Amino acid sequence: MSKNQPKTIYLKDYKKPDFSIEKTQLTFELEDEYTLVTSTLSIKREQAGQPLRLHGQELELVSVKVAGRLLSQEEYDQDDEFLTVADVPDVFEFECVTKIYPQNNASLEGLYKSNTMYCTQCEAEGFRKITYYLDRPDVLSEFTTTIIADKKQYPVLLSNGNKIQEEKLVDGRHKTVWHDPHLKPCYLFALVAGDLIHIDDHFVTASGREVLLRIFVEEKDKKKCAHAMTSLKNAMKWDEEVYGREYDLDIFMIVAVDDFNMGAMENKGLNIFNTSCVLAAQETTTDEAFQRVEGVVAHEYFHNWSGNRVTCRDWFQLSLKEGFTVFRDAEFSADMGSRTVKRVEDVSLLRSMQFAEDAGPMAHPVQPSSFIEISNFYTLTIYEKGAEVVRMIHTLLGPELFRKGSDLYFERHDGQAVTIEDFVAAMRDVSGRDFDQFMNWYRQAGTPDLRVTSKYDEEQKTYTLNFKQSCRATSESAEKKPFHIPVAMGLLGEAGALPLKCDGVVSPETNDNTHCVLEITEAEQSFTFENVQECPVPSLLRNFSAPVKLRYRYSRDELLTLMSRDEDGFCRWDACQELAIQVIQEVMTELTTEPAPSVDEKIITGYKRLLTDETLDPAMVALMLKLPSEGYIAELQTVADMDLIHHARARVERKLAVALKDEFMSTYLRMNEQTEFAVDSASIARRSLKNAALHYLMVHASAEHVELCKEQFYTANNMTDEYGALKAIVHSSKASLKDLKQEVLESFYAKWKHEPLVVNQWFAVQSTAPIPETNKTVNELLTHEAFDLKNPNKLRALIGGFSMRNPICFHDKSGSGYRFLGEQIRKLNSQNPQVAARLLTPLTKWKKFDEGRQKLMLAELQKIEQLPDLSKDVYEVVTKSIHS
Ligand code: TRP
Ligand code: ZN
């Protein structure tokens, strides 16, 4: 730990900045051994009597001038975090020169090198590693950036906005000047210098502005940019059509870099991307990755309005831009592909990962009230739950009013740094609705439990639903106030959906005949439907209308009814999940006394119907065939027994594989009919169902199935099929496949070792294999020639894959998984604190497990806590999870 205890920052302590910075002029001189940064700021006092305090971290200060006069050392004060000048005028020019060492910067924050390229990452508080500044999002400034570097090594020099000057200098150097006319906070600043090629395209905005679109990559990746470019153009068009938002500069640039802590960054006019979120090609990229590229390109582009034009007042408002932008990109992806599939994927992620976060020691509200290190708050709660909260506003208002609200928000706050309250106020003002109680979604952590019971009155022909909500205590609030929960629903009768008639409480805009939204605002509340001619099956929480744990005791027959007949695609999928959970949980109970329990035939009936009804959407069938994840089942237990969960789930899977092997085979063959390769949703759907069927065939793994899988592996013309077959072999629990596993892994590596993103897949397929050898394999892979402890993608594939996506191996009762992770975190702590803290997540969930595992996990956390040079990031996660 650095000398002083890291301190907690509170939302309630927010104060407006003491100074504003009207203009920011930066000059970067890139030398081999260091970089010189000269910063000239036009500063204006906003609060009387305050000293000038600028953020700065790990900077070597060369000189400071105030109003043209060089300051002596007595005239300023410097510590770990600030440069303070006690006495400054009300309006003045501030100039400072700092020396930094990007080539040694492994944190990937501030200015750093990725391969041969210079790039920056300033969000959230990385700009202070470049120069002294008011590094807070509510200080907006006009930036001009000059870059000077060797022309041969760094022919391309980029920053935000428009290029206004280019000049050849002596000694083979050159200089480029960029000017960004839009005011922005420094977290949106970016600089790139490197030897890059670019591909170009154009977009004409609705009002006729011609925009140059330019994607920069290394020469070898030139052929892999088309998908990102198409996605960008689609996103630009969509934002005009759906939100009325146009782009506002003459050029929009994307740069792809190999070493990046996250997916991508929305720097004004110059987005910087992880290569994994830009590059895509048929041979090297799975469908899942293609879709991620589309989603992330859109996400960053959408930030130009939700984030850049209107930005955050402080970092407690992070979800203002992230929650809203994730909602926007999810809707975009839904419109580009299959709406239901996108929704199911997002809900699965939310339930298996965000619910766990909300149940663990790092639980925090969507608008946190305190933090130690803001980098730790780029979480599933801020992003995914934040998007769910925006979605609920959309559900409550309906699409037209929501659009009016977003128009008002952008119009009112263009060019400002604002709060979540400002966003909700715009929604309130256009609708006249009261959002006071709704704000609990932003201010209280934890996933609400929503228990539902029903009663049918045969005589009165009434049907009553009773809702009880509750939420566990979390650090910011012990007693939870009730949430305002929109529950979209319908009732199913023998012959189809029943008409709904319920007094007063049904929101009128959304109340058509068979579908409505109930608004639950009390701890306990009932709704009575009249004129219900038969006892119905309730279809609840359609489209997952609120991020809650809904509990209703469905019979298995009711679930089969919902699965095949509900009008809501999400509910059909969810009924299938619920059926599988019930069956798996039953096997879990029986496994404690009986080594070979039976599996309820009902699930086989349900799955058989899915496989044989050729009118169903293959994408939906593929999703429904996937049994609930071990992580989600664990979430439903008080003490998670990973071995039991794994064995019960595997038993159900095996039962299905055996009972339906002919159906799986004919489905496979039906989906495998030769067609041209394409990445539209229909083709993706066919491949996903084909590979889901292959997975079940490989559970069975007779000689015939293995041949089929090998054939797919060696002849596939695309990565989805090649990887699907590879995974089916490598993840198989059959001992007889040992040699084949080695053969396909070697062949895959030999074929793809020059493609870093494919090599990541090769690491991931091994680290996530739910087989006993994996704990040894992951240790060996650490010393593989292709592994690189400095590259976050490699860390995520090997260490993240093992600890987050392979519960059975990670939780091995010997503790070997925990020790493996603990060791890696200790190695990474000072080198890349952001990634170290993130990889630590699985250990923070220690309270969820049995006593033996708790001890082992806690021991690893304590060993990390004892590190002499603990980073702020790791410190916060480790101490909160040990001591809360
Ligand atoms: N704002 C980025 C986004 O679009 C997130 C991000 C990119 C980030 N790089 C980062 C956050 C580094 C923290 C640190 O979601
Ligand atoms: Zn974002």
Side-chain angles (χ1 to χ4, degrees), residues 2-7 9-10 13-29 34-102 105 109-111 120 122-146 180 183-189 191 313-315 373-374 417 872:
S2 66
K3 305 105 237 157
N4 9 0
Q5 277 272 77
K7 56 176 190 300
I9 320 283
Y10 295 91
D13 294 341
Y14 173 81
K15 280 199 201 69
K16 286 196 178 143
D18 295 334
F19 295 87
S20 56
I21 306 176
E22 259 151 41
K23 290 203 163 124
T24 301
Q25 282 172 279
L26 302 169
T27 300
F28 290 81
E29 293 166 74
Y34 60 90
T35 293
L36 269 191
V37 184
T38 304
S39 155
T40 308
L41 312 175
S42 324
I43 298 189
K44 206 175 116 201
R45 179 181 291 284
E46 301 290 336
Q47 312 291 334
Q50 297 297 326
L52 178 69
R53 275 202 344 152
L54 300 176
H55 298 104
Q57 238 173 49
E58 297 160 38
L59 297 172
E60 229 175 271
L61 182 60
V62 178
S63 63
V64 205
K65 283 184 193 169
V66 167
R69 190 178 63 82
L70 199 63
L71 299 192
S72 68
Q73 282 204 16
E74 296 75 58
E75 292 175 280
Y76 59 85
D77 198 61
Q78 239 183 313
D79 64 19
D80 277 5
E81 287 183 80
F82 294 103
L83 172 73
T84 310
V85 188
D87 210 8
V88 292
D90 287 349
V91 179
F92 62 101
E93 202 171 81
F94 174 89
E95 188 193 296
C96 77
V97 180
T98 49
K99 203 170 172 183
I100 52 177
Y101 301 86
N105 180 357
E109 195 191 21
L111 180 66
T120 53
C122 296
E123 185 178 5
E125 299 181 332
F127 193 77
R128 63 187 65 182
K129 291 173 121 186
I130 294 174
T131 184
Y132 287 103
Y133 204 77
L134 285 174
D135 187 0
R136 41 187 291 168
D138 57 353
V139 172
L140 281 70
S141 185
E142 184 187 325
F143 281 70
T144 307
T145 306
T146 303
D180 183 357
L183 301 188
K184 67 167 175 288
C186 63
Y187 84 85
L188 292 172
F189 169 80
L191 174 152
R313 186 192 73 173
D314 54 69
W315 292 118
E373 169 54 61
I374 184 57
K872 240 188 183 186

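From a predicted model like this one, the values you see are computed outputs, not experimental measurements.
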Using only atom types and a distance under 3.5 Å, with no angle test, would you say the side chain of [X] pairs donor to acceptor with the backbone of [Y]?
X    : Y    : result
S141 : I21  : yes
R45  : Q50  : yes
T131 : T98  : no
T120 : L191 : yes
D135 : R128 : yes
D138 : D314 : no

On a heavy-atom basis, which atom in [X] and which in [Y] lie closest, and how many Å separate them?
X    : Y    : value
W315 : A124 : CZ2-O, 3.6 Å
P137 : A417 : O-CB, 3.9 Å
C122 : C186 : CB-O, 3.7 Å
I100 : L111 : CD1-CD2, 3.9 Å
N105 : E109 : ND2-O, 2.7 Å
R136 : K15  : NH2-O, 2.7 Å

Just wondering, are more than 12 heavy atoms of other shown residues or ligands nearer than 6.0 Å to CD in Q47?
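More than 12 heavy atoms, drawn from other residues, nucleotides or ligands, come within 6.0 Å of this atom.
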D13 atom CG, over 12 foreign heavy atoms within 6.0 Å:
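Counting neighbours around CG of D13, more than 12 heavy atoms of other residues, nucleotides or ligands fall under 6.0 Å, so yes.
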Would you call [X] and [Y] a side-chain contact if the rule is heavy atoms closer than 4.5 Å?
X    : Y    : result
I43  : V91  : no
L61  : Y132 : yes
L134 : S20  : no
D18  : E46  : no

Under 3.5 Å side-chain donor-acceptor pair for Y101 and E60
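Y101 vs E60: donor-acceptor pair found between side chains.
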Any ion pair linking K872 and E125 (charged N to carboxylate O, less than 4.0 Å)?
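No.
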Where do V88 and F19 land on the side chain to side chain contact (heavy atoms under 4.5 Å, CB included) test, with the steps shown first?
CA-CA 11 Å; V88 292; F19 295 87; 3.8 Å; yes
Test side chain to side chain contact (heavy atoms under 4.5 Å, CB included) applied to L70 and K65, step by step:
CA-CA 4 Å; L70 199 63; K65 283 184 193 169; 3.8 Å; yes
Spatial distance of atom [atom1] ([X]) from atom [atom2] ([Y]) [nearest 0.5 Å]:
X    : Y    : atom1 : atom2 : result
Y14  : I9   : OH    : CD1   : 14.0 Å
E123 : L188 : CD    : CG    : 7.5 Å
F143 : T24  : CZ    : OG1   : 4.0 Å
L41  : C96  : CG    : SG    : 6.5 Å
K23  : E142 : NZ    : CD    : 5.0 Å
T38  : L26  : OG1   : CG    : 9.0 Å

By the ring pair (Phe, Tyr, Trp, His ring centres under 6.0 Å) test, which pairs, at least two apart or in different chains, include something from residues 71-92?
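Only H55-F82 qualify under ring pair (Phe, Tyr, Trp, His ring centres under 6.0 Å).
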Can Q57 and L59 be said to form a side chain to side chain contact (heavy atoms under 4.5 Å, CB included), step by step?
CA-CA 5 Å; Q57 238 173 49; L59 297 172; 5.7 Å; no
Sequence-distant partners of F127, ring pair (Phe, Tyr, Trp, His ring centres under 6.0 Å), two or more places apart:
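Expected list: Y133, F189.
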Working for side chain to side chain contact (heavy atoms under 4.5 Å, CB included), residues K99 and L36
CA-CA 5 Å; K99 203 170 172 183; L36 269 191; 3.9 Å; yes
